Amino acid sequence: MPWDRNQMAARAADELEDGMYVNLGIGIPTLVANYTGDKDITLQSENGMLGMGPFPFEGEEDPDLINAGKQTITELDRTSYFDSATSFGMIRGGKIAAAILGAMEVAENGDLANWMIPGKLIKGMGGAMDLVAGVKRVIVVMDHTNKAGESKLLRECTLPLTGKGVVNRIITNLGVLDVVEGGLKIVELADGVTEEELRAATEATIVD
Amino acid sequence: MKKVYASAEDALEGVLHDGMLIAAGGFGLCGIPEMLIDALVKSGVKDLTVASNNCGVDGFGLGKLLETRQIRKMMSSYVGENAEFMRQYLSGELELEFNPQGTLAERMRAAGAGIPGFYTKTGVGTVIAEGKEHKDFDGETYILERGIFADLSIVKAWKADDTGNLVFRKTARNFNPPAAMCGKICVAEVEEIVPRGSLDPDMIHVPGIYVHRIIQGQHEKRIEQRTTRKKETA
């Protein structure tokens with residue numbers, strides 16, 4: 001059985017270490033916060049907050065307190081607030097240990113595309129280009145294939161790039177792969193997924 | 001110099017002209033200068049270029065200035081779920097310059113600090129880098145980004161004193177400080193103007209030197225994505 005969304009999020013949470021400052025993207029990456037256990041992780045929200053707490057209780061929403069997905073959230077006893085220039089200063093400056101984000105396509109050289117489909121989806125890159133260029137480690141969490149069953153791990157991206165050669169590790173429903181010299185290297189297979197299955201679902205070069 | 005004005009209309013008196021560049025604070029609908037946007041709609045000023053992370057939503061925030069076709073060009077990082085924005089952009093009525101979010105913030109901050117350009121890694125190897133100067137530093141490639149020197153800044157803060165010192169609340173700070181810094185004139189709308197001496201000088205987020213005009217008023221503060229959790233019942 002391939003991993004489901006929560007299992008992918010739980011696997012991504014294993015990447016995080018005690019004391020890390022981390023930025024989580026929208027979608028499955030957001031779920032990672034549910035699986036950090038006892039680890040002391042500080043979540044950054046790029047609209048200007050370190051120490052992001054859970055969603056508020058009903059009736060306690062504060063319009064002045066949202067995350068980068070514009071969702072209402074809460075603060076913690078460690079929280080700090082700052083402006084957008086300071087926020088991206090810490091991102092660009094390499095102070096954030098890891099970014100976990102979703103993707104439309106990842107290429108075997110670490111190129112990432114997740115912000116635009118020409119003619120179809122024109123929403124903008126938000127903070128994604130800054131994050132992938134600035135944080136120490138970029139971890140992509142996404143389904144291995146798209147709705148048409150085609151590999152999202154490609155030899156070359158077909159969509160406009162978010163960053164060039166920026167991805168370090170990819171966690172999909174089929175397993176975990178690292179971007180290495182010459183292609184992708186299988187690090188781990190999801191429970192019950194065989195290497196042959198993963199290879200068959202992957203367009204990118206897999207190296208041993 | 002008197003900085004406090006009676007209304008948003010008064011505070012914009014004499015500073016508007018067609019074709020001007022306006023920097024606006026806010027992230028999504030959080031910390032946006034609602035009253036000043038309404039006053040811009042009323043003024044009829046047109047052919048605006050607006051530097052703002054987002055462009056409001058249909059019918060609220062900067063979305064109002066789209067409906068009245070007063071905006072010619074947006075400089076933004078994310079235009080999200082805004083049907084009218086998409087319609088005007090796809091039909092060629094509206095120009096759009098995508099900026100990575102951190103680049104947009106730094107372009108404002110830099111201009112406010114007298115820096116006309118800076119190099120950044122953000123966007124290298126993407127469409128954002130096309131046509132921009134590339135330069136290597138210590139083996140890494142960077143691109144040149146320019147400061148945004150705005151004709152007018154419109155921002156929203158929580159509290160101000162009458163000298164223009166500003167204090168923000170939680171994540172409503174966002175783009176407001178860099179936007180405030182980069183305009184020739186900065187107009188701030190606040191929830192409360194407090195007596196001089198009642199703000200802790202160590203806790204001022206934007207010093208009054210950046211702020212030229214202030215108004216106080218009521219804000220709707222609309223929530224874009226209301227997310228909650230249930231209280232666990234014992």
Side-chain angles (χ1 to χ4, degrees), chain A residues 45-49 52 54-75 79 81-92 94 111-113 115-116 118-119 121-134 160-166, chain B residues 25 27-31 53-54 76-81 86 89-90 96 98-106 108-110 112 120-129 158 168-179 181 205-206 219-231:
Chain A
S45 190
E46 66 266 25
N47 54 320
M49 178 183 200
M52 183 167 51
F55 293 150
F57 292 122
E58 276 173 39
E60 293 176 11
E61 308 93 315
D62 183 342
D64 289 339
L65 182 44
I66 62 169
N67 64 17
K70 283 113 184 175
Q71 298 170 313
T72 46
I73 47 160
T74 54
E75 64 187 19
T79 297
Y81 297 112
F82 33 83
D83 67 71
S84 299
T86 306
S87 181
F88 283 93
M90 66 184 72
I91 290 168
R92 206 185 298 106
D111 288 359
L112 169 71
W115 76 279
M116 162 174 206
L121 178 84
I122 313 157
K123 289 187 174 181
M125 70 290 286
M129 284 192 181
D130 310 272
L131 280 159
V132 300
L161 297 184
T162 309
K164 195 146 187 58
V166 293
Chain B
F27 180 90
L29 301 180
C30 181
N53 189 56
N54 314 90
S76 305
S77 88
Y78 193 84
V79 293
E81 332 286 330
M86 213 50 70
Y89 173 66
L90 293 173
L96 169 61
F98 269 131
N99 283 254
Q101 196 173 133
T103 295
L104 184 65
E106 189 63 16
M108 292 180 185
R109 195 205 69 82
T120 177
K121 266 194 301 194
T122 302
V124 171
T126 75
V127 293
I128 294 304
W158 182 35
F168 300 89
R169 189 170 170 276
K170 303 184 189 289
T171 57
R173 195 181 319 179
N174 57 59
F175 271 84
N176 284 296
M181 290 172 72
H205 298 134
V206 171
H219 293 83
E220 180 182 334
K221 297 214 268 186
R222 202 181 284 186
I223 291 177
E224 217 166 326
Q225 305 277 347
R226 189 177 296 273
T227 45
T228 58
R229 65 192 150 126
K230 289 243 184 320
K231 260 186 190 144

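Below, each value reflects all heavy atoms present in this structure, side chains not excepted, and no hydrogens, waters or symmetry copies. Letters go in sequence order (proteins before strands), and every chain restarts at 1. It should be emphasised that the depicted structure is a prediction, and the values quoted were computed from it without experimental measurement.
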Heavy-atom distance under 4.5 Å between the side chains of B/L104 and A/F88, does that happen here?
-> no

Report yes if some heavy atom in the side chain of A/D83 is under 4.5 Å from a heavy atom in the side chain of B/N176; otherwise report no.
-> no

Counting only heavy atoms closer than 4.5 Å, note whether A/T162 contacts chain B via side chain, backbone, both or neither.
-> backbone

Does any heavy atom of chain B fall under 4.5 Å from the side chain of A/I91, the backbone, both, or neither of them?
-> neither

B/Q101 side chain near A/M125 side chain, heavy-atom distance below 4.5 Å = no

Out of B/N53, B/T103, B/L29, B/L90, which one racks up the most heavy-atom pairs below 4.5 Å with chain A?
-> B/T103

Option that, when pairs with chain B are counted at under 4.5 Å, heavy atom only, ranks first among A/G127, A/G48, A/A128, A/P56 | A/P56

Are the side chain of B/T227 and the backbone N or O of A/T72 linked by a donor-acceptor pair below 3.5 Å?
-> yes

Select, from A/S87, A/G59, A/G124, the one with the greatest count of heavy-atom pairs under 4.5 Å involving chain B.
-> A/G124

Check each atom of A/D111 against the heavy atoms of chain B and say whether the ones under 4.5 Å are side chain, backbone, both or neither.
-> neither

Heavy-atom pair of closest approach, residues B/K170 and A/D64 = CB-O, 3.2 Å

Could you check which of B/P177, B/G123, B/G102, B/A179 has the highest count of heavy-atom pairs closer than 4.5 Å to chain A?
-> B/G102

Look at A/G165, A/A68, A/G119 and state which one has the largest set of heavy-atom pairs under 4.5 Å with chain B.
-> A/A68

Would you say the side chain of A/I66 lies within less than 4.5 Å of the side chain of B/Q225, judging by non-hydrogen atoms?
-> no

With respect to chain A, which residue among B/F175, B/F27, B/W158, B/Y89 yields the maximal number of heavy-atom pairs within a distance under 4.5 Å?
-> B/F27

CZ of A/R92 to OG1 of B/T120: how many Å apart, nearest 0.5 Å?
-> 5.0 Å

With sequence neighbours left out, what residues match B/V79 under side-chain contact (heavy atoms from CB on, under 4.5 Å)?
-> B/S76, B/F85, B/M86, B/L96, B/F98

Gap between atom CG of B/N174 and atom CZ of A/F82 - 0.5 Å precision = 11.5 Å

Nearest heavy-atom approach of B/T126 to A/G163 is CG2-N, 4.0 Å

Per-residue tally against chain A (heavy atom, under 4.5 Å) across B/K121, B/R226, B/R109 peaks at B/R226

A/D62 and B/R169, any side-chain heavy atoms less than 4.5 Å apart = yes

Per-residue contact mode, A/E75 against chain B (heavy atom under 4.5 angstrom) | side chain

Looking only at A/P54, A/G69, A/P160, the option with the highest number of non-hydrogen pairs under 4.5 Å against chain B is A/P54

Does some side-chain heavy atom of A/K70 sit less than 4.5 Å from a side-chain heavy atom of B/N54?
-> yes

B/G125 to A/L161 - nearest heavy-atom pair and separation | O-CD1, 3.7 Å

Among all residues two or more places apart in sequence or in another chain, which pass the side-chain contact (heavy atoms from CB on, under 4.5 Å) test with B/H205?
-> B/V167, B/F168, B/R173

What's the spacing between A/M49 CE and B/T171 OG1 if we round to 0.5 Å?
-> 7.0 Å

